[in-house]
Amino acid sequence: MTEDQVPEILSRLPTRISDVVRPWAEHSPDHPALLEASGAWSYGQLASTLAETQSWLTDSGVRPGDRVMIVCENCRAFVVIFLALAAIDAWPVLVNARLSAREIDEVRNHCGARRVIYMTSVSPHAMAHAKRHGAAIEAVLNLGSIGVAALDENVAPEPIGANVAERVAALIYTSGTTAAPKGVMLTHKNLLFVAAVSARIRSLTPDDRLYGVLPMSHAVGLSVVLLGTLLSGATLYLASRFDPMTAPAALERNQLTVLLGVPYMFAQLLQYAELRRLTSLRFPALRIISSSGAPLQLAVKSATESLFGLVLHNGYGVTECSPTIAQTRVEKPCTDTSVGPVFPGVEVRLLGHDRRPVGRGEVGELQVRGPNVMKGYYHAPEETAAVIDADGWFNTRDLARLEQGNLFLVGRAKDLIVRFGFNVYPAEVEAVLNAHPAVVQSGVVGRSLDADEEIVAFVQLLPEATLTTNELAEHAARSLAPYKRPARIVFVPTLPLTPTGKIAKAELANLATQIAAARDTGGCSRR
Amino acid sequence: MNRAEIEREVRNFLINNFLFGRADALPEDGSLQGEVIDSTGAIELVMFLQNSFGINVEDEEVAVPENFDSVKSIVHYVEKKLRSKT
């Protein structure tokens, strides 16, 4: 699609996210909307359940402007409760059930939840949180068994603005890989804009069947996958978690046409293929595979493309941008790890240290402006003002460069390691390590060392690999300048991940500090 | 191979590969999957079972939670597979 189609898309957006169901319920009520292992709903059934759920929520004391937290993993009950809350002007607060008790409670307290609802039928983690909070586990409508916590009578509803499209449709707390969690307020228009443009880029039709395996408590799963599917009248196969051992069967059995994942998922599918000694994994119905959420390594991209016989597309975004900022195009695939051209309807600029635009091809801090940019952080006006300027530019704090119209992510400004006074981008070191055939993935962090930083690499190897740290260090030395080489390589069984599948850098940084302390006292061990 | 030997091997694998050698962190109830073994771990576990016990673990068997939820269920699964080989 082209930039000049954006005004037409914007003019035809529904007002509310819950409005995406009605046209298809009227046009093709028997067409499947949501599938999961426990059953399916057509668009007609989804519409009627949506209406009943709105009444149930209102009758149970939820008012416009109330924050209602959903402790969720993907399932039909989550979809309908989320849409019903938005329909009655309550604010859905989406949290991944896999978060710790501390993280869940922090969000609940910060948002001032009027009620908390738990997707207990698909998530043992949600069940554990429900029990911990003393929630009632009950069968509601045809949603199955869900957890419902007591009403908090002490919270006040937020005022409701006159412009419906600009009202908050989802409150998503950032994963906290770089800072303390912040509540990102996304409006109906934010989410629908990204859903509509994503769907147009991929030419989604009612014949499409998407794999709904990215968590919908996060922005990609919510706008691109869930709302993009429903806006197109397509079908969504919901999975509460990704399992590489069962994903191939799900793709085959459900004749799925679109698989949107994170690099980690594709790396796992490569491992699955190795386990089963498969050189190709072909699904006749599958037409698009795409990655986002974390840097895509060229080795993973190439191997995945060879395995699937399809181009692995790449995209980039942040929660505050609902989330998409750039996306490779189906009609113009990239052979490198670029995240593609800027998303239609979105402006970007790259600024240098002097806050002026950088020269052509140079690395700068990426700023974004457009209908995808959030309303702000909840109850945090100073933090909002720190990232969105008076002209509406949102500062991603990511470092990027533009090359022939394609955006390349260089790293997180905050992740930057300064070694011997030189800038080291962890993504570059990770790319070199990951290129070794025995490496599954790696996470590189800096560890403070007097006035310098030491580079520490955590590396996950293939299960049967016999590689030593010295051999990997030699491999890195062949491709990296001395100041970029890891001072220490640590093999780990798996890398800690955030719920969205990103490598948890903060956790690795803590681990690097602990390892250094143990080393200093002679007690360090490694696998 | 008897049950005690199978259990010892399974325990050692889980403790050394997923728990950094902390035997006390191995849950005895049915919460192994998700808590100790993530999705990548599932592939490692299957590889270990196939190589160590000479059995073939099918994809659909991994999808059955009861097979790999606890040390006890894994041992039971291996015993069943070994019996079906004879």
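Just so it is clear, the values below take in all heavy atoms, side chains as well, and ignore hydrogens, waters and symmetry mates. Note that the structure is a prediction, hence the values are computed from the model and not measured. Here is the naming used below: chain letters follow the sequence lines, and residue numbers restart at 1 for every chain.
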> Atom CE of M245(A) and atom CZ of F68(B): how far apart are they, to the nearest 0.5 Å?
Replying inline: 8.0 Å

>> At a 4.5 Å cut-off on heavy atoms, which part of E58(B) comes close to chain A: side chain, backbone, both, or neither?
In response: backbone

>> Can you confirm whether more than 12 heavy atoms, excluding those of H76(B), are under 6.0 Å from its NE2 atom?
In response: no

> When rounded to the nearest 0.5 angstrom, what distance separates CG in L275(A) from CD in E44(B)?
Replying inline: 11.0 Å

> Could you state the interatomic distance from CD1 (I43(B)) to CG (L269(A)), rounded to the nearest 0.5 Å?
Replying inline: 7.5 Å

> Hey, what do you get for CZ (R276(A)) to CE (M47(B)), rounding to the nearest 0.5 Å?
Replying inline: 9.0 Å

> Can you say whether E60(B) sits under 4.5 Å from chain A via the side chain, the backbone, both, or neither, judging by heavy atoms?
Replying inline: neither

> For R132(A), does the CZ atom have more than 12 heavy-atom neighbours from other residues, nucleotides or ligands under 6.0 Å away?
Replying inline: yes

